[in-house]
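Beneath this line is the structure, given in structure tokens, with notes to follow.
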Amino acid sequence: MSAPASEALGSQRNDESFSDIWDEIVWRGLVHVSTDEEQLKTLLAGPPVTYYCGFDPTAPSLHLGNLVQLLLMRRLQLAGHKPLGLVGGSTGLIGDPRPTAERTLNDAATVAEWVGYLQAQVSKFLSFEGDNAARLVNNLDWTAPLTAIDFLRDVGKYFRVGTMLKKDAVSARLNSDAGISYTEFSYQLLQGLDYRELYRTYGCVLQTGGSDQWGNLTSGVDLIHKSEGAAVHAIGTPLITNSDGTKFGKSEGNAVWLDAAMTSPYAFYQFWLNTDDADVVGRLKIFTFLTRVEIEGLEAAVAAEPFKREAQRSLAWHVTTLVHGEAATVAAIAAAEALFGQGDLAGLDAATLESAIAELPHVSVSPQTTVAEALVETGLTSSLGESRRAIAQGGVYVNNSKVEESATFEGTGLAGGIAVLRRGKKTLAGVRLI
RNA sequence: GGCAAGUUACCCAAGCGGCCAAAGGGAUCUGACUGUAAAUCAGACGGCUUCGCCUUCACAGGUUCGAAUCCUGUACUUGCCA
């Protein structure tokens, strides 16, 4: 992430029109499953409780799925509760069972490096000041010293294999032809252990996570019930889906990351701007701090004047600002306005073009370079063959003019020797001619 | 440990000696229509110096004029038995 989101922390607040935080998160569609609702509602309406959510370092950055959790954590913190942000230094070495196939293990040094990145990202969404300051924890701290024997005696004894086999994540794998290793099968014990550790150390009584993690959330609830005799809670957020059936959080087949180096603020903004009408209201509820009244106003706007995409603009603005800061968001919008679809790129001055190009993937090439080669270099296509196909299909433009097969950049330089390369309607890249 | 079945392109999945760069579906990309939306329709979808050539069907070796297809070994997966 390029800019600290903390600049936004101070202005964030929950919607006062709800009688309590539970009602608000239910309205926002953040509760898919949970332990006893009445108890949770009462608990969250009372004095500060300590809660946690874990993030495993299976990549160098968090992604949009994690953002749902981060925002839920922040909403609970705004309601006065104390967050524990857990980054899974140990669980990241194991990997939770995915429904499809066994994970490839990452080496310890890589995971340790990613732990650092994730901790930095998590920190930006929580406040570390005040009575209910957030705290970061790493489960490697209590898992690493544990011996196999202690683990089996102090944790394993509380788990029944029959119960473990019934967890969705495990049974899905057992019923598939991929099977499951003992390593991944054991994951739920580790997560259960985490919850118990945090319960003992910090009095943590609530864990949140994606509903696909429900089995892992409840394993901790059960463990604490059995070994500590205490009743604790869990909330599972819904899996975010697109109304057209495609996967949420993918842009052109790639994950949308929170790290600006992996998904640029420009691409991030575009992702949200392109949200379906059918999905945009749900996204506003989950990913922004707009109030119910404000969201209902945008909902009406979508119904009345969908072509204005006011809700999408608002959504893109708020989420991009939240993640990348206002300056980066302004730059992303300016770049889009300068570059997008207007026929008249030649009218832009060098400074405007320079800053617009900076938001896009860009390369420096000689004017003799073919457009097909530049497509590959900027990542707009992955091979020359693909470039040729794209050009043949009429999907490639330089400075908004469709190009032919053997085109080069001769004579295409705009102000500052820059050319704008475009594939399809919305995929742009910058080319600096040298 | 024994027996059986399996491992095909991003995913699912056909193919069972030549007509196979490999059916079909999904995902993805492009075009048309649009609102930088959805739906729909059309095309593309291993690589390249693209009327042709090159590299693929778990891995290694073999049989054959010729293998994704047959044989041997190895790895991994699943099921049943122990």
Side-chain angles (χ1 to χ4, degrees), chain A residues 97-105 165 170-185 241-256 264 266-284 298-299 301-317 320 332-343 345 356 359-360 370-373 375-376 378-397 400 402-406 420-429:
Chain A
R98 286 182 295 191
T100 48
E102 192 81 10
R103 289 176 186 272
T104 306
L105 292 176
L165 289 171
V170 173
S171 69
R173 284 279 291 281
L174 285 173
N175 293 329
S176 78
D177 55 10
I180 185 168
S181 68
Y182 184 75
T183 305
E184 290 192 4
F185 178 58
T241 56
N242 290 339
S243 56
D244 63 7
T246 56
K247 261 190 181 165
F248 168 74
K250 303 277 176 177
S251 173
E252 294 173 26
N254 300 311
V256 176
S264 72
Y266 172 85
F268 192 87
Y269 181 89
Q270 290 292 321
F271 171 82
W272 293 103
L273 186 65
N274 284 309
T275 303
D276 290 10
D277 293 0
D279 295 323
V280 71
V281 173
R283 301 286 187 267
L284 285 164
L298 289 167
E299 186 170 12
V302 173
E305 303 178 300
F307 52 89
K308 285 192 176 173
R309 293 180 305 142
E310 194 182 327
Q312 280 90 340
R313 283 178 213 286
S314 178
L315 176 68
W317 166 264
T320 312
I333 294 172
E337 283 178 355
L339 298 170
F340 226 92
Q342 341 232 327
L345 288 170
E359 302 294 320
L360 307 171
T370 63
V371 172
E373 287 165 345
L375 283 166
V376 176
T378 54
L380 261 45
T381 60
S382 56
S383 71
L384 280 175
E386 194 182 338
S387 295
R388 283 197 201 87
R389 277 197 298 274
I391 294 170
Q393 290 175 136
V396 177
Y397 306 77
N400 291 337
K402 195 172 285 191
V403 299
E404 300 297 322
E405 165 77 43
S406 56
V420 177
L421 185 59
R422 190 174 107 223
R423 182 190 185 192
K425 274 184 279 196
K426 351 181 226 205
T427 315
L428 294 160

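Below, all heavy atoms of this structure are taken into account, side chains as well, without hydrogens, waters or symmetry copies. Chain naming here is simple, since letters A, B, ... match the order of the sequence lines and numbering starts at 1 in each. Note that the structure is a prediction, hence the values are computed from the model and not measured.
- Taking atom P on both rA13(B) and rC71(B), the two are 23 Å apart, rounded to the nearest angstrom.
- With rounding to the nearest 0.5 angstrom, the CG atom of Leu421(A) is 5.0 Å from the OG1 atom of Thr378(A).
- Rounded to whole angstrom, the span from the CD atom of Glu310(A) across to the P atom of rU36(B) amounts to 16 Å.
- Once rounded to the nearest 0.5 Å, the distance linking NZ of Lys425(A) with OH of Tyr397(A) reads 9.0 Å.
- Atom CZ in Arg313(A) sits about 8 Å away from atom P in rU36(B), given to the nearest Å.
- Across every strand in view, rU72(B) sits in a pair with rA60(B) that passes the Watson-Crick or G-U test at under 3.5 angstrom.
- A close approach under 4.0 Å does occur between a side-chain nitrogen or oxygen of Ser383(A) and OP1 or OP2 of rC48(B).
- Heavy atoms of Gly424(A) sit under 4.0 angstrom from primed sugar atoms or phosphate atoms, though from no base atom.
- Across rU56(B) and rC45(B), the matching C1' atoms stand 16 Å from one another, rounded to whole Å.
- When each of Lys402(A) and Thr275(A) is assigned the nucleotide of RNA chain B with its nearest heavy atom, Lys402(A) is the one assigned upstream, toward the 5' end.
- Asp276(A) comes within 4.0 angstrom of the backbone, heavy atoms only, and of no base.
- The pairing partner recorded for rU40(B) is rA32(B), the criterion being a Watson-Crick or G-U wobble arrangement whose two distances lie under 3.5 angstrom.
- In the set rU36(B), rU49(B), rG35(B), rU49(B) carries the atom at the smallest distance from any side-chain atom of Leu384(A).
- Not one N or O on the side chain of Thr320(A) forms a donor-acceptor pair closer than 3.5 Å with the backbone of Trp317(A).
- If you measure from atom CD1 of Ile391(A) to atom P of rU50(B), you get 14 Å, rounded to the nearest angstrom.
- Closest approach of Glu359(A) and Ala335(A) over heavy atoms only: CG-CB, 3.6 Å.
- Remark: the separation of the P atoms in rG25(B) and rU40(B) is 14 Å, to the nearest Å.
- Glu184(A) places no side-chain N or O within 3.5 Å of a backbone atom of Ile180(A) that could act as its donor or acceptor partner.
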For nucleotides 80-82 of chain B, list the nitrogen or oxygen atoms of the protein found under 3.5 Å from its nitrogen or oxygen atoms, one pair per line.
none

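- Side-chain contact annotation: Asp277(A) with Gln312(A), donor-acceptor N/O pair under 3.5 Å present.
- The Pro306(A) side chain lies nearest to rG35(B) when the options are rG35(B), rG31(B), rA37(B).
- Residue-level contact check: Gln312(A) touches the bases, meaning some heavy atom is under 4.0 Å from a base atom.
- The side chain of Tyr266(A) contributes no N or O atom lying less than 4.0 Å from OP1 or OP2 of rU36(B).
- Separating the P atom of rG17(B) from that of rA68(B) is a span of 13 Å, rounded to the nearest Å.
- Residues forming a side chain to side chain donor-acceptor pair (under 3.5 Å) with Thr427(A) (at least two apart in sequence, or on another chain): Glu252(A).
- If you take atom C1' in rA4(B) and the same atom in rC12(B), they sit 24 Å apart, rounded to whole Å.
- Put simply, Lys308(A) has no side-chain N or O that comes within less than 4.0 Å of OP1 or OP2 on rA37(B).
- We find the CD1-NZ distance between Ile391(A) and Lys402(A) to be 12.0 Å, quoted to the nearest 0.5 Å.
- With no hydrogens or angles considered, no side-chain donor-acceptor pair links Arg309(A) and Asn274(A) at under 3.5 Å.
- By the salt bridge (charged side-chain N to carboxylate O under 4.0 Å, His left out) test, Glu102(A) is found to be paired with Arg173(A), residues two or more places apart in sequence or in another chain being considered.
- Residue Tyr269(A) is classed as having no contact, given no heavy-atom separation below 4.0 Å to the nucleic acid.
- As rounded to whole Å, 12 Å separates atom P of rC29(B) from atom CG of Leu380(A).
- Comparing the P positions of rC59(B) and rG24(B) gives an interatomic distance of 24 Å, to the nearest angstrom.
- The partner of rU78(B) is rA4(B), judged by Watson-Crick or G-U wobble contacts that both fall below 3.5 Å.
- The backbone N or O of Asn242(A) lies less than 3.5 Å from no partner atom in the side chain of Asp279(A), so there is not a single donor-acceptor pair.
- Asn274(A) has its CG atom 11 Å from the P atom of rC29(B), to the nearest Å.
- Taking the C1' atom of each, rG1(B) and rG47(B) are spaced 46 Å apart, rounded to whole Å.
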Between the protein and nucleotides 3-9 of chain B, list every N/O to N/O distance that falls short of 3.5 Å.
none

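- Put simply, the side chain of Arg422(A) gets close to the backbone of Gly424(A): a donor and an acceptor are under 3.5 Å apart.
- Among the nucleotides rC33(B), rU30(B), rU36(B), the one closest to the side chain of Lys425(A) is rC33(B).
- Among all heavy-atom pairs drawn from Ser243(A) and Ala278(A), the shortest one is OG-CB, 3.4 Å.
- When the side-chain nitrogen and oxygen atoms of Arg388(A) are compared with OP1 and OP2 of rU49(B), one or more of them lie within a distance under 4.0 Å.
- As rounded to whole Å, 16 Å separates atom P of rA37(B) from atom CG of Leu315(A).
- Across rA21(B) and rU72(B), the matching C1' atoms stand 28 Å from one another, rounded to whole Å.
- Residue Glu386(A) contributes atom CD, which lies 13 Å from atom P of rG31(B) at whole-angstrom precision.
- The separation between Leu273(A) atom CG and rG35(B) atom C1' is 10 Å, rounded to whole Å.
- Residue contacts for Leu428(A): at a heavy-atom cut-off of 4.0 Å it reaches no nucleic acid atom on any strand shown.
- Between Lys426(A) and the phosphate of rA37(B), there is a side-chain N or O to OP1/OP2 separation shorter than 4.0 Å.
- For Glu373(A), the side chain to side chain donor-acceptor pair (under 3.5 Å) partners two or more places apart in sequence, or in a different chain, are Thr370(A).
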Is there any protein nitrogen or oxygen under 3.5 Å from a nitrogen or oxygen in nucleotides 40-44 of chain B, and what are the pairs?
from: rG43(B); atom 1: N2; to: Gln393(A); atom 2: OE1; distance (Å): 2.9
from: rG43(B); atom 1: N3; to: Gln393(A); atom 2: OE1; distance (Å): 3.4
from: rA44(B); atom 1: O4'; to: Gln393(A); atom 2: OE1; distance (Å): 3.2
from: rA44(B); atom 1: O2'; to: Arg389(A); atom 2: NE; distance (Å): 3.2

